[in-house]
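Okay, so here's the structure we're looking at.
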Amino acid sequence: MKTIEKESMVKRMREIRDQLNIKFEEMDYHEEKAYIKQELEALKKKRKKAGNTK
């Protein structure tokens, strides 16, 4: 069972990487950095709203 979970996790990580590569394709470094910062802030707000402040 662990092998199946690990394989699906690796598959999902690769999918995320591929999606980011497409988004970052025409961005310069500063645009990428701003995008990542924006996404992290959104995730922090989502966690805080859910009560997960770790």
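No experiment lies behind these values; they were computed from the predicted model shown.
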Following the transitive rule for hydrophobic clusters with a side-chain heavy-atom cut-off under 4.5 Å over Ile, Leu, Val, Met, Phe, Trp and Tyr, establish whether Met27 and Leu40 coincide in one cluster.
yes
Per side-chain contact (heavy atoms from CB on, under 4.5 Å), Tyr35 is matched among Glu32, Glu39, Glu31 by Glu39
Residue Arg14 excluded, over 12 heavy atoms near CZ under 6.0 Å:
no
Linked, directly or transitively: Ile16 and Phe24 (ILVMFWY side chains, under 4.5 Å)
yes
Set out, in order, the CA-CA distance, both residues' side-chain angles and the distance that settles side chain to side chain contact (heavy atoms under 4.5 Å, CB included) for Lys44 and Arg47, then state yes or no.
CA-CA 5 Å; Lys44 286 179 186 178; Arg47 284 176 133 186; 5.8 Å; no
Would you find a donor on one side and an acceptor on the other, under 3.5 Å apart, between the side chain of Glu41 and the backbone of Gln38?
no
Across all chains, not counting sequence neighbours, the side-chain hydrogen bond (donor to acceptor under 3.5 Å, both in side chains) partners of Arg12 are Glu15
